Amino acid sequence: MDARWWAVLVLAALPSAGAGGENPEAPPEPWTQLWFFRFLVNAAGYASFMVPGYLLVQYFRRKNYLETGRGLCFPLVKTCVFGNEPKATDEVPLAPRSEPAETSPTWQALKLLFCASGLQVSYLTWGVLQERVMTRSYGATATSPGERFSDSQFLVLMNRVLALIVAGFYCILCKQPRHGAPMYRYSFASLSNVLSSWCQYEALKFVSFPTQVLAKASKVIPVMLMGKLVSRRSYEHWEYLTAGLISIGVSMFLLSSGPEPHSSPATTLSGLILLAGYIAFDSFTSNWQDALFAYKMSSVQMMFGVNFFSCLFTVGSLLEQGALLEGVRFMGRHSEFAAHTLLLSICSACGQLFIFYTIGQFGAAVFTIIMTLRQAFAILLSCLLYGHTITVVGGLGVAVVFAALLLRVYARGRLKQRGKKAVPVESSVQKV
């Protein structure tokens, strides 16, 4: 890597103490608490599981263990490394969305209202709590400023544990297709999902929540790039047009909005780098999950597999760093933080179930419209609760972005009506 790029990264990582803080006179953090250093430490922790696992997979494949293996470990190795070929008699057909038995408009409207309300409540609550946990202190009194929770990886773990439990019970209670994918293949989507979630939480220390939401809305562009690289997809002209409009709207917002209190160009650069990391990792997750669906699994099976490895990676990394107990102790010292963490996890797990149900009942286009409106509401709610300011030009930029997103939904619907092959909607299994 060119020395100039290293200089940019170091500059972005160093001045992290003043970002989004309430006490601008606080002493600088030790270098071990800088976001770039913690990212490298977390990545090293994940690698301590990924690298040995990858070597084992390659070893079993070279030894042709599927043909020669025997013993008690054979079923486990077969499931993790080779997978199971589904039998026709075991298949649970994953039929496309079918019309429900109740066809009355009133019943359909009630179900749509239920889906929209569930998605809005789950993700708006999650967004508000996310900003509260990462940007405000706990235990503040008249004589003490309190303390902040800074370990984003612990929050990722809490979200994934509850999602794993919910997906596991769902798979037990409801019949699923016979699982055929090698388990190790979930680890790639899981690793990128954990890193994207970490970047998402960490970015709130440096940029405002509206900026983060707008960056998420613009991930259509890197998703298209990843689609070309990973899945060799081609795109229509209107998709490039809407991607360009999104870029213009985001640029208008970023260039016109004033800096947040106690921020600096360097801390803003840190936030933008973390947001870029979030978008890149999340784009890879979506495309990798799309490729995994070739095994004819259900969305809940995908949810379980990805969250299983996410829990494995984050628990292992936290234990290696000695940070797991510190996170638990912080929950013990601050019951309000424990309640916020639990509610974050509930919103994350319930939100994913609402995603599956909404897409199954009304299709991906309706779901995308609901989630696009949710992002706009999230910006408005954050501005009302936490005092973020947006200029007129910045507001126009936000409007351009969401108008472009709605235009994408409309164009995709028209494309389906004309009988053409529509571009698949980005995978929605992991949204938080």
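We use all heavy atoms of the structure for the numbers below, so side chains are in, but hydrogens, waters and symmetry mates are not. Quick caveat, the model's predicted, so the values are computed rather than measured.
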Exercise. Within the distance-only criterion (no hydrogens, no angle test), does the side chain of S190 pair as donor or acceptor with the backbone N or O of S310 below 3.5 angstrom?
Worked result: yes
Problem set entry | Any donor-acceptor N or O pair under 3.5 Å, side chains Q153, T314 | no
Exercise. So which heavy atom on G271 is nearest to which on V207, and how close?
Worked result: CA-CG1, 3.6 Å
For this session: Please check if atom OH in Y59 has more than 12 non-hydrogen atoms from other residues, nucleotides or ligands closer than 6.0 Å.
Result: no
Exercise. Are the ring centres of F60 and F82 closer than 6.0 Å?
Worked result: no
For this session: For the residue pair V398 and I379, establish whether any side-chain heavy-atom pair is separated by less than 4.5 Å.
Result: yes
For this session: Please work out which of the three classes, parallel, tilted or perpendicular, describes the rings of F39 and W198, given edges at 30° and 60°.
Result: tilted
Exercise. Between CG of L191 and OG1 of T285, what distance do you get to the nearest 0.5 Å?
Worked result: 8.5 Å
Exercise. Within the side chain of W288, is there an N or O that forms a donor-acceptor pair under 3.5 Å with the backbone of R185?
Worked result: yes
Exercise. Does the side chain of R408 reach to within under 4.5 Å of the side chain of L245, using non-hydrogen atoms?
Worked result: no
Exercise. Using a distance-only test with no angle check, is there a side-chain donor-acceptor pair under 3.5 angstrom linking Q289 and N193?
Worked result: no
Problem set entry | More than 12 heavy atoms of other groups within 6.0 Å of Y240 OH | yes
For this session: Drop me the distance from F330's CZ to E147's CD, to the nearest 0.5 angstrom.
Result: 4.5 Å
Exercise. Would you call K296 and P177 a side-chain contact if the rule is heavy atoms closer than 4.5 Å?
Worked result: no
For this session: Carefully, step by step, assess T358 and L119 under the rule side-chain contact (heavy atoms from CB on, under 4.5 Å).
Result: CA-CA 9 Å; T358 303; L119 288 169; 3.6 Å; yes
Exercise. Ring centres of F149 and F337 under 6.0 Å apart?
Worked result: yes
Exercise. Does any donor atom in the side chain of Y201 or N159 lie under 3.5 Å from an acceptor atom in the other side chain?
Worked result: yes
For this session: Determine the minimum heavy-atom distance between L275 and A203, stating which atoms define it.
Result: CD2-CB, 3.9 Å
Problem set entry | Donor-acceptor side-chain pairing of S208 and Q212 below 3.5 angstrom | no
Exercise. Can you tell me if R160 uses its side chain to pair, donor with acceptor, with the backbone of F308 under 3.5 Å?
Worked result: no
Problem set entry | Verdict with reasoning, L405 to Q375, per side-chain contact (heavy atoms from CB on, under 4.5 Å) | CA-CA 11 Å; L405 292 174; Q375 291 175 320; 4.0 Å; yes
Exercise. What are the two closest heavy atoms between A163 and A349, and how far apart are they?
Worked result: CA-CB, 4.0 Å
Seminar exercise, completed: Closest heavy-atom pair, T135 versus L204, reported as atoms and distance to 0.1 Å, is CG2-O, 3.4 Å
For this session: Using modelled atom types only, decide if a donor and an acceptor are shared between the side chain of T242 and the backbone of E239 within a distance under 3.5 Å.
Result: yes
Problem set entry | pair F281-C199: side-chain heavy atoms closer than 4.5 Å | yes
Exercise. Any donor and acceptor pair, going by atom type alone, linking the side chain of R38 with main-chain N or O of S152 inside 3.5 Å?
Worked result: no
Problem set entry | Side-chain (K205) to main-chain (S150) donor-acceptor, under 3.5 angstrom | yes
Exercise. Does V161 reach the side chain of N307, with side-chain heavy atoms less than 4.5 Å apart?
Worked result: no
Exercise. Would you say Q130 and Y123 make side-chain contact, with heavy atoms under 4.5 Å?
Worked result: no
Exercise. How are the rings of F309 and F313 set relative to one another: parallel (under 30°), tilted (30 to 60°) or perpendicular (over 60°)?
Worked result: tilted
Exercise. What is the ring orientation for Y184 with F188, classed by angle as parallel under 30°, tilted 30 to 60°, or perpendicular over 60°?
Worked result: perpendicular
For this session: Would you verify whether the NZ or CZ of R132 falls within 45 degrees of the ring axis of Y138 while also being under 6.0 Å from that six-membered ring's centre?
Result: yes
Seminar exercise, completed: Rounded to the nearest 0.5 Å, the CG atom of N42 sits from the CD atom of Q321 at a distance of 5.0 Å
Problem set entry | Atom of S317, atom of Y46 and distance for their closest heavy-atom approach | CB-CE2, 3.7 Å
Exercise. Taking everything shown except Y170 itself, do over 12 heavy atoms lie less than 6.0 Å from its OH?
Worked result: no
Exercise. What's the spacing between R374 CZ and S122 OG if we round to 0.5 Å?
Worked result: 10.0 Å
Exercise. Short question: side chain of Q58, backbone of L55 - any donor-acceptor pair under 3.5 Å?
Worked result: no
Exercise. Stepwise, does the side-chain contact (heavy atoms from CB on, under 4.5 Å) test hold for F362 with I370?
Worked result: CA-CA 11 Å; F362 299 101; I370 294 173; over 6 Å; no
Seminar exercise, completed: Rounded to the nearest 0.5 Å, the OH atom of Y278 sits from the OG atom of S283 at a distance of 8.5 Å
For this session: Would you please say whether a donor-acceptor pair under 3.5 Å links the side chains of S348 and S345?
Result: no
Exercise. With a 6.0 Å cut-off on ring centres, are Y186 and H179 close enough?
Worked result: yes
Exercise. Does E131 come within less than 4.0 Å of R136, counting only side-chain N to carboxylate O?
Worked result: no
Problem set entry | Pair K78-Y65, side-chain contact (heavy atoms from CB on, under 4.5 Å): steps then yes or no | CA-CA 8 Å; K78 180 183 176 183; Y65 189 82; over 6 Å; no
Exercise. Between A404 and I246, what is the shortest heavy-atom contact and its length?
Worked result: CB-CG1, 3.7 Å
For this session: Please examine the side chains of V121 and W126, heavy atoms only from C-beta on, and report whether any two atoms are closer than 4.5 Å.
Result: no
Exercise. Less than 4.5 Å apart, any side-chain heavy atom of F206 and any of I273?
Worked result: no
Exercise. Nearest 0.5 Å, what's the CD-CZ distance between E202 and F36?
Worked result: 13.0 Å
